[in-house]
Amino acid sequence: LPGSRLLLALLIGAFLVLPIAASVFFAWSRNLIVNVVRLRNEHRPFKTLNQTLDELKQQPSPVNNKQFYSGLSDGFKRYLAVRLIWDSHSLTAGELQAILREAYADIPVVVQAAAELPRFDLVKFGGRKVSPGRRKRDVATIRDAAAGLETHIATERNDRKKQRRNRVDA
């Protein structure tokens, strides 16, 4: 039959090209999904900390300062543990302060938050009184420190990407 050879060639070509096209599509879609999930998870620790800080901010002033500062320092330690991938829960306020001051000396808001950590312990364990205005400033200090760390981490990640690109280009 006329054209049967053409039809046969087209069918054979389709059977050869279709699996290749499907594998390229699935690889592309997999990379897309992995990148979307990675981007979503990158900001999860910061969002969780912000939710904790918002909940603490909503607590009325006469509420137990010990409970407030326990939530504040635990939320910050949980953020540090997830974001920086090291165990900050088992560290004392003094140890955490020393680590943060040494590792992030170039981020003033982190150094400032680190300086406040021992005072949080004085409130939690020593019963020190704190004004409502001071509590609001402490929440803002922790939020600013986390935002500063997020900016620092994003900058480092972008610098590493540029270095990798430059190595590939060279």
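Bear in mind the structure is a predicted one, so any value in this text is a computation, not a measurement.
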So, taking the atom named [atom1] in [X] and the one named [atom2] in [Y], what distance separates them when rounded to the nearest 0.5 Å?
X	Y	atom1	atom2	result
H152	R157	NE2	CZ	11.5 Å
Q112	R101	CD	CZ	11.0 Å
D144	T151	CG	OG1	10.5 Å
W28	S23	CH2	OG	14.5 Å
D159	R164	CG	CZ	11.0 Å
L117	E95	CG	CD	12.0 Å

Do [X] and [Y] share a hydrophobic cluster (ILVMFWY, side-chain heavy atoms under 4.5 Å, transitive)?
X	Y	value
L122	V139	no
L8	L16	yes
V82	F46	no

When you compare the side chains of [X] and [Y], does any donor N or O come within less than 3.5 Å of an acceptor on the partner?
X	Y	value
R135	N65	yes
Y69	D138	yes
T155	N158	no

message = Before you tell me yes or no, could you show the steps for R128 and R119 under side chain to side chain contact (heavy atoms under 4.5 Å, CB included), namely the whole-Å CA-CA distance, both residues' side-chain angles and the distance that decides it to 0.1 Å?
response = CA-CA 9 Å; R128 181 182 258 183; R119 189 176 53 77; 3.6 Å; yes
ask   = Can R143 and D54 be counted as an ion pair, charged N to O under 4.0 angstrom?
value = yes
Test item: [X] and [Y] side chains (from C-beta on) under 4.5 Å apart, heavy atoms:
X	Y	value
I142	L49	yes
L72	F120	yes
H89	L80	no
I153	L84	yes
Q67	K124	no
L53	K57	no
I33	R30	no

Nearest heavy-atom pair of [X] and [Y]: which atoms, and what distance?
X	Y	value
S88	L96	CB-CD1, 4.2 Å
P108	D106	CD-O, 3.4 Å
V110	A145	CG2-O, 3.6 Å

request  = Take Y104 and V111, measure what side chain to side chain contact (heavy atoms under 4.5 Å, CB included) needs, and give me the verdict at the end.
outcome  = CA-CA 7 Å; Y104 300 102; V111 174; 5.7 Å; no
ask   = Can you tell me if CZ on R134 sees more than 12 non-hydrogen neighbours from other groups inside 6.0 Å?
value = yes
request  = Kindly check if the number of other-residue, nucleotide or ligand heavy atoms within 6.0 Å of CD (E102) is above 12?
outcome  = no
ask   = Just by modelled atom types, is the L91 backbone N or O under 3.5 Å from a matching donor or acceptor in the K77 side chain?
value = yes
query = Using the ring of each side chain (for Trp, its six-membered ring), is F76 parallel, tilted or perpendicular to Y79, with breaks at 30° and 60°?
reply = parallel
